[in-house]
2 protein chains.
Amino acid sequence: MPHPAARQPAPTDPAVDRLVEEIIGRVADKWTMLLIEVLTERPCCRFGELARACPGISQKMLTQTLRGMEREGLATRTVYPVVPPKVEYRLTDLGLSLGEAFCGVWLWAAANRATIEQARRDYAARQAGSPP
Amino acid sequence: MPHPAARQPAPTDPAVDRLVEEIIGRVADKWTMLLIEVLTERPCCRFGELARACPGISQKMLTQTLRGMEREGLATRTVYPVVPPKVEYRLTDLGLSLGEAFCGVWLWAAANRATIEQARRDYAARQAGSPP
DNA sequence: CGCCATGCTCTCTTTTTGGTAAGTATAAAT
DNA sequence: ATTTATACTTACCAAAAAGAGAGCATGGCG
């Protein structure tokens, strides 16, 4: 999605584009982003800690998201063979760098919040006004 | 999701956080991103042009995504009352700036493509190796 | 007259996603 | 002997998202 001027020297290879889109699709979901945020602030967390830090997430989604992050190389999972079980999660450098990259979108959203809310109101007003 | 060091002067208000997350959820989907890319490269497109530029998108999804972008203030929709119908879409400044913000993630994905693919292979190998 | 082009909109079906709840393993504590 | 804690996994079900395909409006064209 880069601005033309910002695109890397490499030519726009459609195959690369598709791959990048797929990666973004896998990586840019709500829970992954939240977990990256949590793990950036507290670099080493157990499963239960993460669950408490993500209000509203179900165990299933948490497990699923963490497994996905592990698969994509964003986080590591360390199992201590003790009982009761203990498992720790950390971001990899890759995960950390994704957090930084996503930072731009986060700041954009924060900065343009008011504009977007106004746009929604305008849109709603137009919808209500024109049909009659 | 900002890095602690990069967070804006404003304190981390949880209400703002939730709003920002919601905005990102609405704005950061596959088709919206693709459309922003297309409309950045070719600033004024008709519906049919956009459909052709997004291989695999259904009419329904295209309409739906464009309406969403209009609602959030990312794009404008101009209807020419002719027959057959003619409708033109353009990015707003907000839409353009989102493209720029998202550029960071795009570049991250492009730059780390190989690393991620390797991570996936490693993960798959670990899965295949340990169960037995 | 009949057909085409365009940008939808509507309905129906399939796929995907996510929630809930129960089950598992095991050592230590009571 | 029973309970507790932890990190899952599995089965089942409901809701949401997406795809397929038909229908619509209408002026110009042959």
Side-chain angles (χ1 to χ4, degrees), chain A residues 18 21-35 38-39 42 44-72 75-90 123 126-127 130-132, chain B residues 18 21-22 24-35 38-39 42 44-72 75-90 123 126-128 130-132:
Chain A
R18 261 179 282 118
E21 267 170 47
E22 191 237 308
I23 289 173
I24 292 176
R26 286 182 180 282
V27 129
D29 78 298
K30 181 183 167 186
W31 295 125
T32 300
M33 287 301 131
L34 223 183
L35 285 172
V38 171
L39 284 168
R42 230 185 318 162
C44 180
C45 286
R46 299 184 57 179
F47 186 88
E49 278 178 87
L50 292 173
R52 265 167 270 126
C54 300
I57 199 172
S58 64
Q59 264 195 344
K60 180 177 151 183
M61 278 311 292
L62 182 52
T63 307
Q64 210 172 68
T65 307
L66 286 168
R67 287 291 188 288
M69 290 173 71
E70 204 193 344
R71 183 164 35 82
E72 312 290 320
T76 59
R77 175 167 178 271
T78 312
V79 182
Y80 296 90
V82 298
V83 66
K86 177 175 175 180
V87 182
E88 282 181 352
Y89 294 91
R90 292 169 184 273
Y123 183 87
R126 255 176 290 151
Q127 292 314 87
S130 32
Chain B
R18 263 179 281 117
E21 267 171 47
E22 190 236 309
I24 291 177
R26 287 181 178 282
V27 129
D29 78 297
K30 181 182 165 185
W31 295 125
T32 301
M33 287 302 131
L34 223 181
L35 285 172
V38 171
L39 284 167
R42 229 187 316 163
C44 180
C45 285
R46 299 183 58 178
F47 186 88
E49 279 178 87
L50 293 174
R52 264 166 272 129
C54 301
I57 199 172
S58 63
Q59 265 197 341
K60 180 179 154 184
M61 280 310 293
L62 181 52
T63 306
Q64 211 177 334
T65 307
L66 286 168
R67 286 292 189 289
M69 291 173 71
E70 203 193 344
R71 182 165 33 83
E72 311 290 321
T76 59
R77 175 168 179 271
T78 313
V79 182
Y80 296 91
V82 297
V83 67
K86 176 176 176 179
V87 183
E88 282 181 352
Y89 295 90
R90 291 169 185 275
Y123 183 86
R126 253 176 292 151
Q127 293 313 90
S130 30

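- Close to D:dT6, at under 4.0 Å from its OP1 or OP2, lies no side-chain N or O of A:Arg46.
- Annotation: the terminal axes of the helix from C:dC1-D:dG30 to C:dT30-D:dA1 meet at 30°, where each axis is the rotation carrying the C1' atoms of four end pairs onto the next four (5 pairs per end, rounded to 10°).
- Looking at B:Tyr123 and A:Glu70, their side chains never bring a donor and an acceptor atom within 3.5 Å of each other.
- Dashed line: the shortest gap from a side-chain N or O of B:Tyr89 to OP1 or OP2 of C:dC8 is under 4.0 Å.
- Listed nucleotides: D:dT9, C:dC8, D:dG19. Nearest to the side chain of B:Phe47: C:dC8.
- Listed candidates were D:dC8, D:dA20, C:dC8. Nearest to the side chain of A:Arg67 is D:dC8.
- Ranked by how close their nearest DNA chain D nucleotide is to the 5' end, A:Gln59 and A:Val83 are led by A:Val83.
- For A:Ser58, whose side chain is taken as the heavy atoms from C-beta onward, the closest listed nucleotide among C:dT20, C:dT6, C:dC8 is C:dT20.
- Between C:dT9, C:dG18, D:dA18, one nucleotide has an atom nearer to the side chain of A:Lys60 than all others, and that is C:dG18.
- Neither OP1 nor OP2 of D:dA7 sits under 4.0 Å from any side-chain N or O of A:Arg77.
- For NZ of B:Lys86, the number of neighbouring non-hydrogen atoms (other residues, nucleotides, ligands) closer than 6.0 Å is greater than 12.
- Whole-Å rounding puts the B:Gln64 CD to C:dC8 P distance at 13 Å.
- If you measure from atom CD1 of B:Ile57 to atom C1' of D:dA18, you get 11 Å, rounded to the nearest angstrom.
- Of the candidate nucleotides C:dT26, C:dG19, C:dG7, C:dG19 has the atom lying nearest to any side-chain atom of A:Met61.
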